[in-house]
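Encoded as structure tokens, the structure appears first; notes follow it.
Nothing fancy with the numbering, it's 1 onward along the sequence. These values consider heavy atoms only, across backbone and side chains, with no hydrogens, waters or symmetry-generated copies.
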Amino acid sequence: MPTSHPAGPGRAPGRGTAHFPVLDPATGETVDEAPDQRPQELDAVVDRAHRAWHGWRADAAARTGALLRAAEAVEAAGDDLARLLTREQGKPLAESYAEIARTAARLRYFAALVPRTRRISDGRPVRSEIRWRPLGPVAAIVPWNFPLQLAAAKFAPALAAGNTVVLKPSPFTPLATRLLGSVLATALPEDVLTVVTGREPLGAGLVSHPGIRHVTFTGSVPTGRAVAAGAAASLARVTLELGGNDAAVLLDDVDVERIADRLFWAAFRNCGQVCMAVKRVYVPARLHTDVVEALAQRAKAVVVGNGLDPDTRLGPVSNAPQLARVEQVTRQAVADGARAAAGGHRLDGPGHFFAPTILTDVSPGSAVVTGEQFGPVLPVLPYRSLDEAVEAANGTGFGLGGSVWGTDPDRAEAVADRLECGTAWINHHAELSLAQPFAGVRNSGVGVAGGPWGLYGNLRPFVVHRPEEA
């Protein structure tokens, strides 16, 4: 039976608001319903966020205390949040707990950051200072793969900077976010953070709302373009973390067995539904068979099932449209001549399960190589020369991350320096510190998240000139 969960902070949805079902991707059953709010409700939400902003921005010490209390509240609610997150998103329960820990850690990290006033000395008898001011209400639009962690990546720096936030989760995963909103409401002043839920055109209405001063979005490239166009109507600032098609380049001195586990999980964690997951592997031709066999062995052995089962390592694909996408690109690759060394098909039974898949003999022009499959499917492609591998790794419109693997770290780093992406890893992949910037190039994004850069992305400079005393 569905279980009711309270609304997020701010007022409850208006009377007569319709609701929509949220499904468990492991069973196909309804977990609960969420309010299907409409764009006309946003005027009141954004207005309250704007009024709350004036008090919130005024007291930095109070903000710090509130964010630290919010982190404690998130940890205290960890059991409820984790189970609900697994039920609506599908990931193993251990990964849900890790996501909640990361959410609390982000709140603590940004609570401790303070923008620095900077004095400019240019030889004139004028004291010039750069100070920092918040922007106003921020719209945070979050995808379904890491609903809580990515929400915190947006609202933690925005709140720490003195802004208020209107947070919209994906309609596939709104429940844990609504519960998170209720948890945060115990620590934050009213209307400082408001969760709104609904299907389109709610998101379009939020990004184009004239009261929103910054739109931060994570999702697909086409939707990101639409978000940028909508925000342009009011000249709101945008931060867009878009698609990734990260390549892993294995060098000819790589120890295949030593790196196989790390490489496999860099591709398949969260069922491959990670923007910066390894999505293509380039291997020296003489090692290609060894790498395919090592990865296929792991794909065949991994336990796939309901995320609530403690033995599960890979859950389902999170929603039906994404499952259809994964199935389509895999079928097309096979039709074009690829071979599935493991998997390659949906699993029998209820839920959105797809067998972990390793593809070989893949055409370089196949959509599973040139696009973002965002699921448990990994193509492994041979190369003849390192220049060929680097060119192929850089050969898509994406540029989020990449990695190079080999026994000589200096040589691997020299190759990594040739990758056209925002982050390059050596002998590992998709590991981020809260203190580092996270950004993509080309179609992978606009703006910077993470670390002090994430804080300053939610602020604007304010310059004060004052004559020096004679």
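For H429 and D246, the side-chain atoms include at least one donor-acceptor pair closer than 3.5 Å. No side-chain donor-acceptor contact under 3.5 Å links K154 and T239.
If you run side-chain hydrogen bond (donor to acceptor under 3.5 Å, both in side chains) between T407 and each of D255, D252, D253, only D253 comes through. Exactly one of R87, Q89, E88 qualifies for a side chain to side chain contact (heavy atoms under 4.5 Å, CB included) with L175. That residue is E88.
A 6.0 Å sphere centred on CD of E413 holds no more than 12 heavy atoms belonging to other residues, nucleotides or ligands. Counted within 6.0 Å of CD on Q328, heavy atoms from surrounding residues, nucleotides or ligands total more than 12; the atom is thus considered enclosed.
The shortest distance between side-chain heavy atoms of P147 and P169 does not fall below 4.5 Å. Taking 4.5 Å as the limit, some side-chain heavy atom of F155 sits within range of a side-chain heavy atom of L180. Looking only at side-chain heavy atoms (C-beta outward), I212 and V46 come within less than 4.5 Å of each other. Contact of the V166 side chain with the V195 side chain is not registered, since no non-hydrogen atoms from C-beta on lie closer than 4.5 Å. In this structure, V207 and F217 have side chains that are not in contact, with every pair of non-hydrogen atoms separated by 4.5 Å or more. In this structure the side chain of L67 reaches within 4.5 angstrom of the side chain of L159, judged on heavy atoms. Within the 4.5 Å cutoff, the side chain of T197 has no heavy atoms near those of the T177 side chain. Residues S318 and Q273 have side chains in contact (heavy-atom distance under 4.5 Å, counting atoms from C-beta outward).
With rounding to the nearest 0.5 angstrom, the CD1 atom of I141 is 9.5 Å from the OG1 atom of T223. The distance from atom CG of L250 to atom NE2 of H288, rounded to the nearest 0.5 Å, is 10.5 Å. Here CG of N270 is found 7.5 Å from CZ of F374. Values are rounded to the nearest 0.5 Å. With values rounded to the nearest 0.5 angstrom, L386 atom CG is found 6.5 Å from R411 atom CZ. To the nearest 0.5 Å, atom CG of residue L184 and atom OG1 of residue T194 are 11.0 Å apart. Of the inter-residue distances, the one linking L202 atom CG with Q40 atom CD reads 9.5 Å to the nearest 0.5 angstrom.
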Report task. Would you sort out whether V390 and V249 count as a side chain to side chain contact (heavy atoms under 4.5 Å, CB included), showing the intermediate values? Result -> CA-CA 8 Å; V390 171; V249 177; 5.5 Å; no
TODO: Could you go through the side chain to side chain contact (heavy atoms under 4.5 Å, CB included) check for L287 and D290 one step at a time?
DONE: CA-CA 5 Å; L287 296 176; D290 293 342; 4.2 Å; yes
Worksheet entry | Test log, rule side chain to side chain contact (heavy atoms under 4.5 Å, CB included), inputs F172 and V22 | CA-CA 6 Å; F172 291 114; V22 180; over 6 Å; no
Report task. Please step through side chain to side chain donor-acceptor pair (under 3.5 Å) for the pair W405 and S403, ending with a clear verdict. Result -> CA-CA 7 Å; W405 305 67; S403 56; 2.8 Å; yes
Q) Can you check salt bridge (charged side-chain N to carboxylate O under 4.0 Å, His left out) on E372 and K279, steps first, answer last? A) CA-CA 7 Å; E372 183 182 24; K279 297 186 175 74; 3.5 Å; yes
Determine, stepwise, if the pair H214 / N163 fulfils side chain to side chain donor-acceptor pair (under 3.5 Å). CA-CA 10 Å; H214 180 199; N163 303 294; 6.0 Å; no
(message) Between R280 and N245, does the side chain to side chain donor-acceptor pair (under 3.5 Å) criterion hold? Intermediate values first, please.
(response) CA-CA 7 Å; R280 302 170 283 152; N245 189 3; 3.2 Å; yes
Side chain to side chain donor-acceptor pair (under 3.5 Å) between T86 and S96, worked out: CA-CA 6 Å; T86 288; S96 290; 2.7 Å; yes
### Verdict with reasoning, Q373 to T330, per side chain to side chain contact (heavy atoms under 4.5 Å, CB included)
CA-CA 9 Å; Q373 65 272 39; T330 303; over 6 Å; no
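Of the possible polar contacts, none joining the S366 side chain to the V369 backbone as a donor-acceptor pair under 3.5 Å is found. Using a distance-only test at 3.5 Å, with no hydrogens or angles considered, a donor-acceptor pair links the side chain of R442 to the main chain of F398. At distances below 3.5 Å, at least one donor-acceptor pair connects side-chain atoms of T64 with backbone N or O atoms of A60. Between the side chain of T117 and the backbone N or O of R131, no donor-acceptor pair lies under 3.5 Å. Using modelled atom types, no side-chain atom of S170 and backbone atom of P143 make a donor-acceptor pair closer than 3.5 Å. The main-chain N or O of F20 is never found under 3.5 Å from a side-chain atom of D36 such that the two would form a donor-acceptor pair. A donor-acceptor pair under 3.5 Å links the side-chain atoms of T357 to the main chain of A355, judged by distance alone. In this structure, the side chain of W56 does not engage the main chain of T164 through any donor-acceptor pair within 3.5 Å. At least one donor-acceptor pair under 3.5 Å links the side chain of E200 to the backbone N or O of G203. Looking at Y282, its side chain never comes within 3.5 Å of a backbone N or O of L251 through a donor-acceptor pair.
Among all heavy-atom pairs drawn from L135 and L459, the shortest one is CD2-C, 3.9 Å. In terms of heavy atoms, P92 sits closest to G315 at CD-N, 4.1 Å. Shortest non-hydrogen contact noted between T370 and P364 is CG2-O, 3.5 Å. When every heavy atom of R38 is checked against every heavy atom of R199, the shortest pair comes out as NH1-O, 3.7 Å. When every heavy atom of L400 is checked against every heavy atom of L242, the shortest pair comes out as CD2-O, 4.3 Å. Taking every heavy atom of both residues into account, A158 and N458 meet most closely at CB-OD1, 3.5 Å.
With a 6.0 Å cutoff to the six-membered ring centre and a 45° limit on the axis angle, R269 does not count as a cation-pi contact of W265. Taking the ring axis of F354 as reference, the NZ or CZ atom of R346 does not stay both within 45° of it and closer than 6.0 Å to the ring centre. A cation-pi arrangement is present between K91 and F146 under the rule of less than 6.0 angstrom and at most 45 degrees off the ring axis.
By the 30° and 60° cut-offs, the orientation of the rings of F264 relative to F268 is parallel.
Among pairs with a residue in residues 157-177, none fulfils salt bridge (Lys or Arg N to Asp or Glu O under 4.0 Å), at least two apart in sequence or across chains.
Taking the six-membered ring for Trp, Y456 and W132 have ring centres closer than 6.0 Å.
Between D336 and R331, no side-chain nitrogen of the basic residue sits less than 4.0 Å from a carboxylate oxygen of the acidic one, so the salt-bridge criterion is not met. Ionic pairing of R298 and D261 is present here: one or more N-O contacts between side-chain nitrogen and carboxylate oxygen are shorter than 4.0 angstrom.
Contacts of Y109 classified as ring-ring contact (aromatic ring centres under 6.0 Å, His included), with partners at least two apart in sequence or in another chain: none.
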